[in-house]
Amino acid sequence: GPHAGTGHDDATSPAVATPVGEPLVVLSGVDKHFGSLHVLQDINLTVGRGEVVVVLGPSGSGKSTLCRAINRLETIEGGTITIDGQPLPEEGKALAGLRADVGMVFQSFNLFAHKTVLENVTLGPVKVRRTNAAEARRRGMEILQRVGVDSQAEKYPAQLSGGQQQRVAIARALAMDPKVILFDEPTSALDPEMVNEVLDVMVSLARQGMTMVVVTHEMGFARKAANRVVFMADGQIVEEAPPETFFTAPRSARAQDFLSKIL
Ligand code: ADP
Ligand code: MG
């Protein structure tokens, strides 16, 4: 955008510091049912390298299923999903590699309760990426510092606040050096006073060029960091637009109705 590379980093400057590159995540004609429920209907979505896509939509519209499908936590019945040109692997080591390339941050943190913060962050690189333990610890500390929880490295998740735990979850994804990170309502389970510390980390990742797919109801984040908003309803992508267009002039009645309830 016009502000790229100007060095502004205040809250009002657009986050889009890096141009959107070639297609990294491509969903083409993706279909899935849960029994008689057609939860994903002919989903076509391309996320470019460095792009931040915010997925909005009412509860039950299929947003989580969409994220989970990209990480192959859900299988699909029709269509294709590719990451960096490669179809999603079915199983085994290739699947573990995919889950490293495609980080996921959940609403419920999902940290390993019986491992320290630093162990949570080093486990994946050592097991999946075959990084040696000392190097994984060095990088792990660096990443914990980046998200502001390095002083908690030797603690266990239950000893941390929700906001700190979620920043550890982001650090754990980052430690894998992922191609893209999927965030599924990462701040929905947090006490209000902790929401911003997590969003700030996400905005800074966006500005550093991380490719991100973010399901969130945080409109401030969408305005500040999204290249594009994708609006889902009833298993379909109903509308997509840059945030400034989507929030001021939504085209579909479904999106207008949704926005009238949350804004
Ligand atoms: P969202 O994240 O947009 O709220 P979800 O993707 O979680 O929506 O769910 C979409 C629909 O699919 C909902 O009606 C939900 O109840 C249903 N659903 C989700 N997971 C399953 C499952 N494992 N089995 C059956 N139905 C499911
Ligand atoms: Mg959901």
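Read the numbers this way: they start at 1 and go in the same order the structure lists the ligands and their atoms.
Residues of the protein with a heavy atom under 4.0 Å from ligand 1 are F34, L37, V39, P58, S59, G60, S61, G62, K63, S64, T65, listed by chain and number.
Note on Q107: not counted as a metal contact of the Mg ion (ligand 2), no N/O/S atom lying under 2.8 Å.
Using bins of under 30°, 30° to 60° and over 60° for the plane-to-plane angle, the ring pair F258/H217 lands in the tilted bin.
Of the N and O atoms on the side chains of S252 and E239, at least one donor lies less than 3.5 Å from an acceptor on the other residue. Side-chain polar atoms of H38 and D31 form a donor-acceptor pair below 3.5 angstrom.
Under the 4.5 Å side-chain heavy-atom criterion for ILVMFWY residues, a single connected hydrophobic cluster contains both L88 and L27. Hydrophobic cluster membership is shared by L144 and V201, with clusters built from Ile, Leu, Val, Met, Phe, Trp and Tyr side chains linked at under 4.5 angstrom.
Ion pairing of R138 with E142 is present here, as a side-chain N (NZ or NE/NH1/NH2) and a carboxylate O approach within less than 4.0 Å.
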